2 protein chains.
Amino acid sequence: MGLSPRTKANQTEMQAVRGGRPRSEQLHQAILQTTFDLVLRDGFRAVSLEGIAATAGVSKATIYRRWPNKAAVVMDAFTNKVGSGTLFHKSSTVAESIRLQMRAMAKSFRGSDGTLVKALLAESEFDPELAKALQERWTLPRRRMAILVIQEAIRKGEMHSEVDPEDVIDILYGPIYYRLQRNAGALTNAYIDRIFHTAMKGLGTKNS
Amino acid sequence: MGLSPRTKANQTEMQAVRGGRPRSEQLHQAILQTTFDLVLRDGFRAVSLEGIAATAGVSKATIYRRWPNKAAVVMDAFTNKVGSGTLFHKSSTVAESIRLQMRAMAKSFRGSDGTLVKALLAESEFDPELAKALQERWTLPRRRMAILVIQEAIRKGEMHSEVDPEDVIDILYGPIYYRLQRNAGALTNAYIDRIFHTAMKGLGTKNS
DNA sequence: TGTGAATCGAAACGGATCGTATCGTATCTT
DNA sequence: AAGATACGATACGATCCGTTTCGATTCACA
């Protein structure tokens, strides 16, 4: 079943979908928008489905008809806005385009995206369905894009050929998520640049 | 007040501590042990204080007399076992002792420590008091130790002198927490070694 | 030895929220 | 017009929270 909105197909083993009053797309958007606003204002934990229903001017049943629980609604409210994610752009070198993408990601994390990603990641620790949804809809697409770019950097001789692109991602992006999730300092451009350059150049000297 | 066990001093502005029946140290340990076991078995979210009380054979009031909430009990149940943390040991080079410490940390994360750290970190996103306690009792002590070692590595010429030790920590340990919190692959020794060596050597070539 | 003080277990409390169910009304398809 | 589904309102049982009360217990100290 997963965390996707319930469709008429998976909701129950109901007969063919024809007939009946259709669901209101307007209510759908109202629910997602309200959820987005409330979670940003009050935090994931403080928001209840009853609160969302009341604020959106909708009955609880209408929400439960479409999503199985709060995490699913928030997940949709989030992906509804974020879209496909921060893309890589061409630049002078491939490595440079990676640095700029890291900056773009940090910038989005400084705003509402960061707040919601943080909440969803934390909640996913307690909710396997949400974890799966985040993995499929957030993490994996981004990692796949990054791997392609890193492989290109390796092909062009900008990165060592023996490194595993997966490890490169962990080293470059691990610190960003680390800071995001711990509130361990602002994700400034300066920080991103330092992480990038330090990782590229390496920590060690010839003596190590 | 914080997340520490309530003491007679901070519990209320009660008069001097003399007199009265003393708290049972045996119950204290029973509560912590039960909490530890239950959280490992059922997960942080699934465990309730009522369940802990029932299993430990203790009344709810006895728990609330000592801790303000569930997170605080789990935090104590955890630090009660973990002790001061994985230490750095002397080795052939300072860098080598860092690698070995990373391995030791990964090993502890493969066991019950990892399960509890993960749960506490996630929960701390929703609980500022817990976040503060984790910062003070877990993160900061470890970072302080690591900084000293990294500075030593720099002094001995094993690491570049222009790098910020804080950034070194983020680059080396960020990936470990990243994997831990996402369940993104096992924290094997091989993984640790790859991250360490890749970070030490650097991702880039002379062309980047 | 007894007296005060705090702890203990048991139990009940109000409150929040969950997810479900019921019912009458509204709205769409055929 | 008939059938099917969405919708709002409302109630429900359940769980857990954190607090409170009570009588009984256990200790320190005079």
Side-chain angles (χ1 to χ4, degrees), chain A residues 1 3 5-31 34-35 38-39 42-74 123 126-127 129, chain B residues 1 3 5-31 34-35 38-39 42-74 123 126-127 129:
Chain A
M1 189 146 322
L3 267 186
R6 286 176 167 161
T7 63
K8 289 165 188 169
N10 73 15
Q11 182 178 185
T12 66
E13 59 278 22
M14 213 134 272
Q15 59 266 35
V17 191
R18 34 176 255 271
R21 176 176 175 176
R23 291 186 183 163
S24 161
E25 182 58 27
Q26 188 180 337
L27 292 184
H28 202 84
Q29 290 305 321
I31 294 168
T34 300
T35 302
L38 285 185
V39 170
D42 301 333
F44 185 97
R45 219 32 165 312
V47 171
S48 70
L49 265 187
E50 317 210 307
I52 293 172
T55 309
V58 153
S59 116
K60 263 200 332 176
T62 298
I63 299 183
Y64 278 111
R65 213 172 276 122
R66 299 163 190 245
W67 294 276
N69 53 51
K70 181 170 79 175
V73 187
V74 177
E123 184 66 14
F126 308 114
D127 184 337
E129 293 277 10
Chain B
M1 187 145 324
L3 269 185
R6 286 175 167 161
T7 64
K8 289 164 187 170
N10 71 17
Q11 181 179 186
T12 64
E13 58 279 22
M14 214 134 271
Q15 60 265 35
V17 190
R18 34 175 255 272
R21 176 176 176 176
R23 291 188 182 161
S24 162
E25 182 58 26
Q26 189 180 337
L27 291 185
H28 202 84
Q29 290 305 320
I31 294 168
T34 300
T35 302
L38 286 184
V39 170
D42 301 333
F44 185 96
R45 218 36 164 307
V47 171
S48 69
L49 263 187
E50 316 211 308
I52 293 172
T55 309
V58 154
S59 113
K60 264 200 329 177
T62 298
I63 299 184
Y64 277 111
R65 214 172 276 120
R66 299 162 189 245
W67 295 277
N69 52 51
K70 181 170 79 176
V73 187
V74 177
E123 185 66 14
F126 308 114
D127 185 336
E129 293 276 11

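Since we're looking at a predicted model, the values are computed, not measured. Numbered from 1 within each chain, the chains take letters A, B, ... in sequence-line order.
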Using atom [atom1] of [X] as one end and atom [atom2] of [N] as the other, report the distance to the nearest whole Å.
| X | N | atom1 | atom2 | answer |
| --- | --- | --- | --- | --- |
| Ile31(B) | dC8(C) | CD1 | C1' | 11 Å |
| Gln26(A) | dT27(C) | CD | P | 12 Å |
| Ile52(B) | dC16(D) | CD1 | C1' | 12 Å |
| Tyr64(B) | dC13(C) | OH | C1' | 14 Å |
| Ile63(B) | dC17(D) | CD1 | C1' | 13 Å |

Roughly how far, to the nearest 0.5 Å, is the [atom2] atom of [Y] from the [atom1] atom of [X]?
| X | Y | atom1 | atom2 | value |
| --- | --- | --- | --- | --- |
| Arg66(A) | Ile31(A) | CZ | CD1 | 5.0 Å |
| Asp127(A) | Arg45(B) | CG | CZ | 8.0 Å |
| Thr62(A) | Ile52(A) | OG1 | CD1 | 13.0 Å |

Partners meeting side-chain contact (heavy atoms from CB on, under 4.5 Å) with [X] (sequence neighbours left out):
| X | result |
| --- | --- |
| Ala61(B) | Ser59(B), Arg65(B) |
| Ala53(B) | Lys60(B), Ile63(B) |
| Ser48(B) | Glu50(B) |

Legend entry - Under-4.0 Å side-chain N/O to phosphate OP1/OP2 contact, Arg23(B) with dA5(C): no
Legend entry - Step-by-step side-chain contact (heavy atoms from CB on, under 4.5 Å) determination, Trp67(A) to Leu49(A): CA-CA 11 Å; Trp67(A) 294 276; Leu49(A) 265 187; over 6 Å; no
Inset, instruction - List the steps, then state whether side-chain contact (heavy atoms from CB on, under 4.5 Å) holds for Thr35(B) with Val47(B). - result: CA-CA 8 Å; Thr35(B) 302; Val47(B) 171; 5.7 Å; no
Inset, instruction - List in chain and number order the residues that pass side-chain hydrogen bond (donor to acceptor under 3.5 Å, both in side chains) with Gln26(A), two or more places apart in sequence or in another chain; answer none if no residue qualifies. - result: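 With sequence neighbours excluded, Gln26(A) shows a side-chain hydrogen bond (donor to acceptor under 3.5 Å, both in side chains) to no residue whatsoever.
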Legend entry - Closest listed nucleotide, where the reference is the side chain of Leu49(A) and the choices are dC18(C), dC17(D), dC8(C): dC18(C)
Inset, instruction - Compute the angle between the rotation axes at the two ends of the helix from dT1(C)-dA30(D) to dT30(C)-dA1(D), each taken over five pairs, rounded to 10 degrees. - result: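 End-to-end axis angle: 20°.
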What does the list of N/O pairs under 3.5 Å between the protein and nucleotides 8-13 of chain D look like, with a distance for each?
| unit_1 | atom_1 | unit_2 | atom_2 | d |
| --- | --- | --- | --- | --- |
| dG8(D) | OP2 | Ser59(A) | N | 3.2 |
| dG8(D) | OP2 | Thr62(A) | OG1 | 2.5 |

Legend entry - Base dT7(C) to side chain Arg21(B), donor-acceptor N/O within 3.5 Å cut-off: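 Side chain to base: pair found, below 3.5 Å.
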